[in-house]
Colleague: 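Here's a structure for you.
For the single chain, residues carry numbers from 1 onward in sequence order. Whatever order the structure lists them in is the order used to number ligands and atoms, beginning at 1.
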Amino acid sequence: MAGTFNFNVVAPDGQVFNKEVEFVVVPGVTGEIGILPNHAPLVAGLGIGVIRYKDEGVDKKIAISGGFMEVANNKVTVLAKTAEKAEDIDVERAKAAKERAEKRLQERKPETDVVRAQIALQRALVRLKAAE
Ligand code: ATP
């Protein structure tokens with residue numbers, strides 16, 4: 001199909017998405033990266049954030065918690081640590097994770113791993129953003 005490219009998202013549990021799309025915007029570690037058809041070859045590290053893409057004219061979202069993207073031969077492959085399509089996100093679970101992380105960061109007990117709690121909070125916030 002003209003004006004599209006293959007977009008493939010894989011997480012450790014298996015494939016999350018694999019279809020022709022019109023564009024993709026991914027959360028690169030140094031900022032958002034937009035991909036249109038016939039993009040130049042590229043490898044980039046991804047952060048915790050929301051992937052946006054257009055699927056048959058409809059804007060869609062996937063939450064990821066870091067990984068890598070390869071762009072080559074009109075094909076975009078994302079290897080993510082975790083990835084959930086917006087409609088598959090358990091909002092109550094993400095809210096609970098957010099509250100747990102916020103509580104840990106507020107209490108700051110000596111045994112609290114602050115960085116771990118901050119990263120968990122980021123994952124939860126991104127899931128809630130993707131699902132909204
Ligand atoms: P929790 O504390 O709720 O487990 P977490 O951020 O620690 O959240 P992860 O370790 O990032 O969870 O993910 C573990 C697995 O659960 C992954 O497969 C991820 O896609 C999935 N997952 C995590 N949170 C959600 C959610 N809110 N909705 C759907 N799937 C989720």
Side-chain angles (χ1 to χ4, degrees):
M1 204 195 307
T4 66
F5 55 93
N6 178 252
F7 179 44
N8 186 20
V9 181
V10 182
D13 299 349
Q15 195 158 62
V16 176
F17 187 85
N18 188 12
K19 247 179 115 170
E20 296 287 305
V21 300
E22 292 149 49
F23 77 76
V24 173
V25 180
V26 300
V29 283
T30 56
E32 293 204 313
I33 306 169
I35 308 288
L36 287 166
N38 302 307
H39 194 284
L42 172 72
V43 172
L46 305 180
I48 301 171
V50 179
I51 294 177
R52 293 180 283 125
Y53 60 97
K54 203 181 266 286
D55 179 8
E56 291 174 16
V58 182
D59 291 318
K60 298 277 187 74
K61 292 177 188 167
I62 293 175
I64 64 160
S65 61
F68 290 92
M69 172 180 71
E70 183 192 41
V71 184
N73 303 319
N74 221 27
K75 184 174 166 71
V76 175
T77 306
V78 168
L79 303 176
K81 279 191 205 164
T82 65
E84 304 94 33
K85 284 188 270 185
E87 59 268 31
D88 294 337
I89 290 171
D90 179 339
V91 171
E92 290 311 312
R93 177 175 167 181
K95 278 186 189 162
K98 172 178 176 279
E99 279 159 27
R100 221 164 35 240
E102 282 172 343
K103 189 159 171 269
R104 287 204 175 99
L105 291 169
Q106 270 161 20
E107 291 175 354
R108 298 243 176 178
K109 293 181 186 162
E111 68 272 22
T112 299
D113 183 336
V114 173
V115 171
R116 182 175 164 184
Q118 283 170 337
I119 294 170
L121 178 58
Q122 281 304 311
R123 286 197 301 271
L125 290 173
V126 157
R127 286 178 176 128
L128 292 171
K129 193 175 149 200
E132 83 192 358

Colleague: Apart from Val10 itself, what residues make up its hydrophobic cluster, given side-chain heavy atom links below 4.5 Å?
Modeller: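 Reading the cluster by chain and number, Val10 sits alongside Leu79.
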Colleague: As a quick check of understanding, evaluate side-chain hydrogen bond (donor to acceptor under 3.5 Å, both in side chains) for Asn74 and Asn6, giving each step before the final call.
Modeller: CA-CA 7 Å; Asn74 221 27; Asn6 178 252; over 6 Å; no
Colleague: Does a side-chain N-to-carboxylate-O contact under 4.0 Å join Lys19 and Asp55?
Modeller: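 A salt bridge links Lys19 with Asp55.
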Colleague: What residues form a ring pair (Phe, Tyr, Trp, His ring centres under 6.0 Å) with Phe23, not counting sequence neighbours?
Modeller: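 Residues passing ring pair (Phe, Tyr, Trp, His ring centres under 6.0 Å) with Phe23: none at all.
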Colleague: Please report, to 0.1 Å, the donor-acceptor pairs under 3.5 Å made by any side chain of residues 120-132, with sequence neighbours excluded.
Modeller:
from, atom 1, to, atom 2, distance (Å)
Arg127, NE, Glu84, OE1, 2.8
Arg127, NE, Glu84, OE2, 3.4
Arg127, NH2, Thr82, OG1, 3.3
Arg127, NH2, Glu84, OE2, 3.1

Colleague: Should Lys103 and Glu107 count as an ion pair when the cut-off is N to O under 4.0 Å?
Modeller: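 Yes.
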Colleague: In order of chain and number, which residues sit within 4.0 Å of ligand 1 by heavy atom?
Modeller: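 These residues qualify: Asp13, Thr82, Glu84, Asp88, Ile89, Asp90, Arg93, Ala94, Arg100, Arg123, Arg127.
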